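Have a look at the structure below, then the notes.
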Amino acid sequence: MPALMVLGLGSCKSYLDKSPDSDVSAEGAFSNFRNFQGFVEENYIAIPDMTVGNWNVTWNYGEDEILSTNGNSPYVTYNFDLGDFRAYYTNWGGGFTHMFKNSNDHGGNNRFGHAILDDAWYFIRKCNVGLENIDQLKATPDEKNAILGQLYFMRAWWHKEMLDYMGGLPYITKSYEITDALTEPRLSAPETALKCAEDFAKAAEYLPNDWDRNEAGETTQGHNELRLTRATALAYQGKMLLYVASPLSKHGPMTGAGELTYDYDVEYAKKAAEVLGQCITEVEEGKTPYQLATYLYDDIYNHKAKSGSTNNFSEIFWTQGQNWKQPGGLEAMLRGTRHGINSARWGEATCWGPNNNGLCEGSFCIHPTANYVNYAYGMADGTRFEDAVKENPDILKFPFKDRDVRFYHDIIFDGCKYINKATEDYKDLVYCSLYTGGLMRAVTTSSRTGYLCQKFFPHTCNKVDDAFGYGQAGQSVMPWLRLGEVYLMYAEAGAAAEGPQYQAKSCSYTAVGAVNKIRDRSGNAHVLARYMDTKNNFMDEVRRERACELAFEGHRMKDLMRWLLLTERPYTLKTSIEFTRKDPNYDYSANKPEDAELVGFHEETILEREYSVKHYFWPWMDKHIYNYPEFKQNPGW
């Protein structure tokens, strides 16, 4: 196996084994576009589906969610709450995250067989082999450019995904042989991010924006929706520049950052805004296949789209009754490939609901923390929930009323109808009993917090409604990047640069205009003037918008790291809501659940995570740091 694999694999025997790609003839693999593209295609197959664990859905590591207690040890979320970040590879449940599965499947089609730390070094070498052989290719300019763009993009992307959690890396730009000595030092995190940005910029230079309208995509026309594009490369270039601008990159890991959480590198923030603005402009000029999804619902709680509507928000994550159609719609810009059909039931769909009497069959119930929901999902008029309560404490009598539209799509609360079909066996669970002491508040099998989540899978993924049954053709994939995030990254870069009215030369939107663009599609109020009175106050609003729009999509811990907030209260807390119903006989079958009056609504702390400076970067496995002296362990581990 190539020497680069020493970084990703353990024993001497494993890296001295003969590599399959050592038998590849340059004249065969790289001589024409069809063969060279086949060489590149393996990267697409290996992009992990972050939602696929081993009967678990632990891809969020922030303060945003918690498990029922039957999902405690050995699952990674529980262990991360204890500060044990080694759990991502030492625990059975932790060993099946999108970061590590201890599998060397590489190009295989096993849905459990791909993870970042399992595959990254292998595919980085593969990209370098391709770049080193590009002169062997006899092809048209479009075809050659498409190959170059994909190779530069993937080389950057694999480095970037390790960087997010592990910190700085050696940035590998050559295909090492087994006889080569490894001495590449680890770069700092911002240095690594800049290397990624450079490669993403090269990818944007070469990649087409629409493969169906490019010579490279002619033979696969109509089947190019998962391929990399110029817009996706621009988005990732901007993402890396925003990382370099971040408080974490500027100041390094620390506790008690205080006001430094707002202290970005302004020049890099402006550079990020220009690149992200260019991406947005090309999308809105129709040069790309991407569009923001719509929020056209007849029944938002049941995710029932209006007749004739297309590209609906729910279908970014989940499709049903469409012959196992790959989710993502027109908004997803980078997705993994769903391996197999009817696989969503095993490990994903069933984990989001209560397992009372086997109603949902997941290994545990994963659900939102109350502090996250109450922070992220404000009021329909744009007021932050905490501000609305301060100004009118009576709101706590009806805390689920007049909330951000996305609240009703994503969150299940007390009194919501959970089972749609008539059932005698589960008649007590038809309407959610999420009040203190309710049936769906059993800490072992249900919600510990008073909330449930259905953003990715409808509540009908239960034994009675059977939305995940084979005949329903339900399919799920979590996008790694979607267009909505691009607008919010642009807004953050603008907020860091100058504030709400900052506008890049490449874009028609101001920073606040980009936030309002996202709010417009769901019918929410624009950012209120009171949240734009200072640069820092506006940054708080951008971050809250990001928490709401991208809730539970795998961004939260990385965001808290970038902002130097991972170790700080209240982001270390996980809370529940506690309350009783004023009218125990309220008829939920005839009235809206948000109209039921509650008594004593308040938050209580379930746990507080005790994090220190070392938690800003995860520990490498011993097999990484023992490979050669220059590859150092992260501080504190």
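Just so it is clear, the structure is predicted and the values come from calculations on it, not from any experiment.
Checking each of Trp618, Trp620, Trp59 against Tyr88 for a ring-ring contact (aromatic ring centres under 6.0 Å, His included) leaves exactly one that passes, namely Trp618. Tested against Tyr297 for a side chain to side chain donor-acceptor pair (under 3.5 Å), the candidates His409, His303, Lys304, Lys306 yield a single pass: His409.
Look at Lys463 and Asp425 and you find no salt bridge, because none of the NZ, NE, NH1 or NH2 atoms lies under 4.0 Å from a carboxylate O. Between Glu594 and Arg403 no salt bridge is recorded (no basic side-chain N to carboxylate O distance below 4.0 Å). For the pair Arg448 and Glu604, the salt-bridge criterion is not met [side-chain N within less than 4.0 Å of a carboxylate O]. Salt-bridge check for Arg562 with Asp559: passed, with a basic side-chain N closer than 4.0 Å to an acidic carboxylate O. Salt bridge Asp164/Lys160: present, at least one basic N to carboxylate O contact under 4.0 Å. Using a 4.0 Å cut-off between a side-chain N of Lys or Arg and a carboxylate O of Asp or Glu, Arg384 and Glu541 qualify as a salt bridge. A salt bridge does not link Glu65 with Arg556: every distance from a Lys NZ or Arg NE/NH1/NH2 to an Asp or Glu carboxylate oxygen is 4.0 Å or more. A salt bridge does not link Arg482 with Glu485: every distance from a Lys NZ or Arg NE/NH1/NH2 to an Asp or Glu carboxylate oxygen is 4.0 Å or more. We find that Glu578 and Arg441 are joined by a salt bridge, their nearest charged nitrogen and carboxylate oxygen being less than 4.0 Å apart.
Between the side chain of Asn312 and the main chain of Ala305, no donor-acceptor pair closer than 3.5 Å is present. The main-chain N or O of His459 is never found under 3.5 Å from a side-chain atom of Trp352 such that the two would form a donor-acceptor pair. Side chain of Asp84 to backbone of Arg86: a donor-acceptor contact under 3.5 angstrom is found. Looking only at distances, no side-chain donor or acceptor of Trp158 sits under 3.5 Å from a matching main-chain atom of Asp119. With hydrogens and angles ignored, the 3.5 Å screen pairs a side-chain donor or acceptor of Lys455 with a backbone N or O of Ala551. The backbone N or O of Phe364 sits nowhere less than 3.5 Å from a side-chain atom of Ser68 that would complete a donor-acceptor pair. Side-chain atoms of Tyr451 do not come within 3.5 Å of backbone N or O of His367 as any donor-acceptor pair. Side-chain atoms of Asp583 come within 3.5 Å of backbone atoms of Asn585 as a donor-acceptor pair (strictly under, hydrogens ignored). Trp318 contributes no side-chain N or O that, together with a main-chain N or O of Ala349, makes up a donor-acceptor pair within less than 3.5 Å. A donor-acceptor pair under 3.5 Å links the side-chain atoms of Arg609 to the main chain of Tyr571, judged by distance alone.
At a threshold of 4.5 Å between non-hydrogen side-chain atoms, the residues Pro593 and Asp414 do not count as touching. In this structure, Tyr89 and Met99 have side chains that are not in contact, with every pair of non-hydrogen atoms separated by 4.5 Å or more. Taking the side chain as every heavy atom from C-beta outward, Glu42 and Tyr122 approach each other to under 4.5 Å. Taking 4.5 Å as the limit, some side-chain heavy atom of Leu292 sits within range of a side-chain heavy atom of Ile518. Residues Asn634 and Lys614 fail the side-chain proximity criterion, which asks for heavy atoms closer than 4.5 Å. Using a 4.5 Å cut-off on side-chain heavy atoms (C-beta onward), Tyr75 and Ser363 make contact. For the pair Phe385/Pro399, a side-chain contact is recorded, criterion being any heavy-atom separation below 4.5 Å from C-beta on. Residues Ile419 and Leu429 form a side-chain contact, since some pair of their non-hydrogen atoms from C-beta on lies under 4.5 Å apart.
Every residue meeting the salt bridge (charged side-chain N to carboxylate O under 4.0 Å, His left out) condition with Asp595, not counting sequence neighbours, appears here in chain and number order: Lys401. Applying the ring pair (Phe, Tyr, Trp, His ring centres under 6.0 Å) test to Phe413 and every residue at least two apart in sequence or in another chain returns Phe400, Phe407.
A side-chain donor from one of Glu603 and Asn374 sits under 3.5 Å from a side-chain acceptor of the other. Of the N and O atoms on the side chains of Tyr418 and Asn356, not one donor lies less than 3.5 Å from an acceptor on the other residue. For the residue pair Tyr588 / Arg581, a side-chain donor-acceptor distance below 3.5 Å is found, with atom types taken as modelled.
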Open item on the list: Between Thr575 and Asn371, is the side-chain hydrogen bond (donor to acceptor under 3.5 Å, both in side chains) condition met? List the steps.
Closed with: CA-CA 6 Å; Thr575 75; Asn371 49 296; 3.2 Å; yes

Open item on the list: side chain to side chain contact (heavy atoms under 4.5 Å, CB included) for Val542 and Val515? Distances and angles first, verdict last.
Closed with: CA-CA 7 Å; Val542 171; Val515 177; 4.2 Å; yes

Open item on the list: The test is salt bridge (charged side-chain N to carboxylate O under 4.0 Å, His left out); show your working for Arg544 and Glu386 and say whether it passes.
Closed with: CA-CA 12 Å; Arg544 186 176 73 86; Glu386 62 178 326; over 6 Å; no

- [ ] Verify side chain to side chain contact (heavy atoms under 4.5 Å, CB included) between Tyr301 and Gln454, making sure each step is shown before the conclusion.
- [x] CA-CA 9 Å; Tyr301 173 72; Gln454 66 159 0; 3.4 Å; yes

TODO: Apply side-chain hydrogen bond (donor to acceptor under 3.5 Å, both in side chains) to the pair Asp404 and Asn524, showing each step before the final yes or no.
DONE: CA-CA 6 Å; Asp404 186 304; Asn524 285 294; 3.0 Å; yes

- [ ] Go through the steps for Tyr616 and Thr567 under the test side chain to side chain contact (heavy atoms under 4.5 Å, CB included), then give the verdict.
- [x] CA-CA 8 Å; Tyr616 275 97; Thr567 58; 3.5 Å; yes

Task: Stepwise salt bridge (charged side-chain N to carboxylate O under 4.0 Å, His left out) test for Arg406 and Glu545 - done: CA-CA 11 Å; Arg406 292 165 289 189; Glu545 180 67 21; 2.7 Å; yes

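The aromatic rings of Tyr372 and Phe552 sit tilted relative to each other, their planes meeting at an angle between 30° and 60°. The aromatic rings of Phe85 and Phe80 sit parallel to each other, their planes meeting at less than 30°, with 60° as the upper class boundary.
Nearest heavy-atom pair across Lys574 and Glu63 is CE-CA, 4.0 Å. Between Pro368 and Leu452, the closest heavy-atom pair is CD-C, 3.7 Å. Gly382 approaches Arg519 most closely through the heavy-atom pair CA-NH1, 4.4 Å. Minimum heavy-atom separation, Gln475 to Pro327: O-CG, 3.3 Å. Residues Val464 and Leu359 share a closest heavy-atom pair of CG2-CD1, 4.2 Å. For Ala235 against Met489, the heavy-atom pair with the smallest separation is O-CE, 3.9 Å.
Within 6.0 Å of atom NE2 in His602, more than 12 heavy atoms from other residues, nucleotides or ligands are found, so the atom counts as buried in its surroundings. Within a 6.0 Å sphere centred on CD of Glu610, other residues, nucleotides and ligands contribute 12 heavy atoms or fewer. Residue Lys558 places its NZ atom among more than 12 non-hydrogen atoms of other residues, nucleotides or ligands, all under 6.0 Å distant.
With rounding to the nearest 0.5 Å, the separation of CG in Leu334 from CH2 in Trp480 is 8.5 Å.
Residue pairs meeting the side chain to side chain donor-acceptor pair (under 3.5 Å) criterion with at least one member in residues 426-435, sequence neighbours excluded: Glu424-Lys427.
Annotation: Tyr61 is in aromatic contact with Tyr165 [ring centroid separation under 6.0 Å].
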